Protein chains: 2
Amino acid sequence: MTDSDLSRVLTLERFFPYRLSILSNTVSGIIADTYKDKFAISITEWRIMAVLGEYPGISADEVSLKTHIEKSIISRAVSKLLQRKLIEREFDPEDRRRSMLQLSPTGKSVYNDVVPTSYEYEEKLLCCFNDEERRQFSDLIDRLHQHAGALQDDEQHS
Amino acid sequence: MTDSDLSRVLTLERFFPYRLSILSNTVSGIIADTYKDKFAISITEWRIMAVLGEYPGISADEVSLKTHIEKSIISRAVSKLLQRKLIEREFDPEDRRRSMLQLSPTGKSVYNDVVPTSYEYEEKLLCCFNDEERRQFSDLIDRLHQHAGALQDDEQHS
DNA sequence: GCAGGTTGGTTGCTAATGCAACCATAAGTG
DNA sequence: CACTTATGGTTGCATTAGCAACCAACCTGC
């Protein structure tokens, strides 16, 4: 026991969850700047557009699953993107609740502009790693993500 | 050029900034659950308390620098923590603008409860890595963080 | 010692977030 | 066919974040 009454001190700067958070925010922040100024798109909006580029025609719910963004947030972002005519929406005739979303022509041109810039930035970011280190980093992230997901499920069951 | 008019598709799930963001949110989220229910403390509030445990007596501004949290958010969180008597505040007689913050006795007891749990969780999380992998991961994070910081500074100067 | 600039901190305002309640459609059950 | 349950999506509401304007205390050069 120290004289400060703290039985053990947490060193925030060395705490993994904190370091991940800071790193992630820094990285996402810089990259968001590249399209925020040019197209006035938020990170959330860009992620929606990104999955629609990958999976044209999916529903809002599927977008939510793929981006890990709350469905209410998706709903509002979608209506904003519709207003700005960056995406288009139809409804599934087989199931009239289900929306089918895709990028509009304008949305596609924005997409085509943002994607290379994003990859360029990713490259610029990762250039401090060699190929072997990239593979390692990628592998470690995947494994940690999977493990964290398993932990999360455990907590929910208890 | 594909028939979808997209010159190049971005695979969000494999995009590093995105993967970091998801991982970070998962990790921080689970750990926050451990003290959110018990003490009704948010991540922001906990981070403030954490640096005060490490550096008792520092000012709000220093807390902001160490946690990377906006000073306005710090300001509001501090007044909330003061109300709840989790921290204490005095003002520097040498510079009466400057606050000197520290954990209160109650704050310390909360701190003493949360810290071991947090470390336990960190351990539980990292147990999917061996020692060598932990060192690697830690090293890669640090280097990437440093590199990203440098990139950020570059952007601001241009 | 006082005008101009800095720094520490607070507050106002707007936007974004997250939860829960809700509505409409669909699917399963007796 | 009703009747319940599940699903996709929207909306209301309370909280939080983030920027900019601001105030008050300090510091500097004259």
Side-chain angles (χ1 to χ4, degrees), chain A residues 21-22 24-26 28-30 32-33 36-37 40-48 51-52 55 57-84 87-102 152 156, chain B residues 21-22 24-26 28-30 32-33 36-37 40-48 51-52 55 57-84 87-102 152 156:
Chain A
S21 167
I22 298 297
S24 162
N25 287 342
T26 308
S28 292
I30 309 176
D33 287 342
K36 193 176 63 185
D37 297 335
I41 299 172
S42 72
I43 293 185
T44 302
E45 287 162 348
W46 167 246
R47 286 193 183 158
I48 293 173
V51 295
L52 291 183
Y55 307 97
I58 63 175
S59 68
D61 197 50
E62 288 166 316
V63 172
S64 172
L65 286 175
K66 287 187 187 304
T67 57
H68 291 210
I69 298 172
E70 265 277 323
K71 64 175 187 166
S72 67
I73 298 170
I74 298 285
S75 171
R76 286 186 250 259
V78 160
S79 54
K80 213 165 153 189
L81 291 170
L82 283 169
Q83 270 181 24
R84 297 180 56 193
I87 66 175
E88 292 165 350
R89 177 169 61 180
E90 286 181 88
F91 288 93
D92 188 344
E94 305 293 309
D95 180 346
R96 299 206 318 284
R97 294 169 304 180
R98 190 179 201 77
S99 61
M100 301 184 307
L101 304 167
Q102 61 175 350
Q152 200 172 28
Q156 274 160 11
Chain B
S21 167
I22 298 298
S24 161
N25 287 343
T26 308
S28 292
I30 309 175
D33 287 343
K36 193 176 61 184
D37 295 335
I41 299 173
S42 71
I43 292 185
T44 302
E45 287 162 348
W46 167 246
R47 286 192 184 160
I48 292 172
V51 295
L52 291 184
Y55 307 98
I58 64 175
S59 68
D61 195 51
E62 289 167 315
V63 172
S64 172
L65 286 175
K66 287 187 189 303
T67 56
H68 291 211
I69 298 172
E70 264 278 322
K71 64 176 189 165
S72 66
I73 300 169
I74 298 285
S75 171
R76 286 186 247 257
V78 160
S79 54
K80 212 164 153 190
L81 290 170
L82 282 169
Q83 270 181 24
R84 298 179 55 193
I87 65 175
E88 293 165 352
R89 176 168 65 179
E90 287 181 87
F91 287 94
D92 188 343
E94 305 292 309
D95 180 347
R96 300 204 319 281
R97 295 170 305 181
R98 190 179 203 79
S99 60
M100 300 184 308
L101 304 167
Q102 61 176 350
Q152 199 173 31
Q156 276 161 10

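In what follows, chains carry the letters A, B, and so on, assigned in the order in which the sequence lines appear, proteins first and then strands, with residues in each chain numbered from 1. Fair warning: this is a prediction, and the values are worked out from it, not measured in the lab.
- Residue Arg89(B) holds its CZ atom at 11.0 Å from CG of Leu81(B), rounded to the nearest 0.5 Å.
- If you take CD of Glu94(B) and C1' of dC27(D), they are 15 Å apart, rounded to a whole angstrom.
- Side-chain contact between Ser75(B) and Lys71(B) is absent, with no heavy atoms from C-beta onward closer than 4.5 Å.
- With rounding to the nearest 0.5 angstrom, the NE2 atom of His68(B) is 12.5 Å from the CD atom of Glu70(B).
- With sequence neighbours excluded, the residues that form a side chain to side chain donor-acceptor pair (under 3.5 Å) with Ser59(B) are Glu62(B).
- For the pair Ile48(B)/Leu101(B), no side-chain contact is recorded, criterion being any heavy-atom separation below 4.5 Å from C-beta on.
- Taken from CD in Glu45(A) to CD1 in Ile74(A), the straight-line distance is 10.5 Å, to the nearest 0.5 Å.
- Distance check, rounded to the nearest 0.5 Å: CE of Met100(A) to CZ of Phe91(A) gives 9.5 Å.
- With the end axes of the helix from dG1(C)-dC30(D) to dG30(C)-dC1(D) each set by five pairs, the angle from one to the other reads 10° at 10° resolution.
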Annotated protein contacts, base or backbone, on nucleotides 8-17 of chain D with a non-hydrogen cut-off under 4.0 Å, one of B, S, - each: SBBBBB--SS

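- Listed by chain and number, the residues in a side chain to side chain donor-acceptor pair (under 3.5 Å) with Asn25(A) amount to none (sequence neighbours excluded).
- The distance from atom CD1 of Ile48(A) to atom C1' of dA16(C) is 13 Å, rounded to the nearest whole Å.
- Here the straight-line distance linking atom CD1 of Ile69(B) with atom OG1 of Thr44(B) works out to 5.0 Å at 0.5 Å rounding.
- To the nearest angstrom, C1' of dA20(D) lies 10 Å from CD of Glu70(B).
- With sequence neighbours excluded, the residues forming a side chain to side chain donor-acceptor pair (under 3.5 Å) with Ser21(B) are Arg47(A), listed by chain and number.
- Distance CD1 (Ile43(B)) to C1' (dT17(C)): 13 Å, rounded to an integer number of Å.
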So which protein N/O to nucleotides 2-4 of chain D N/O distances come out below 3.5 Å?
none

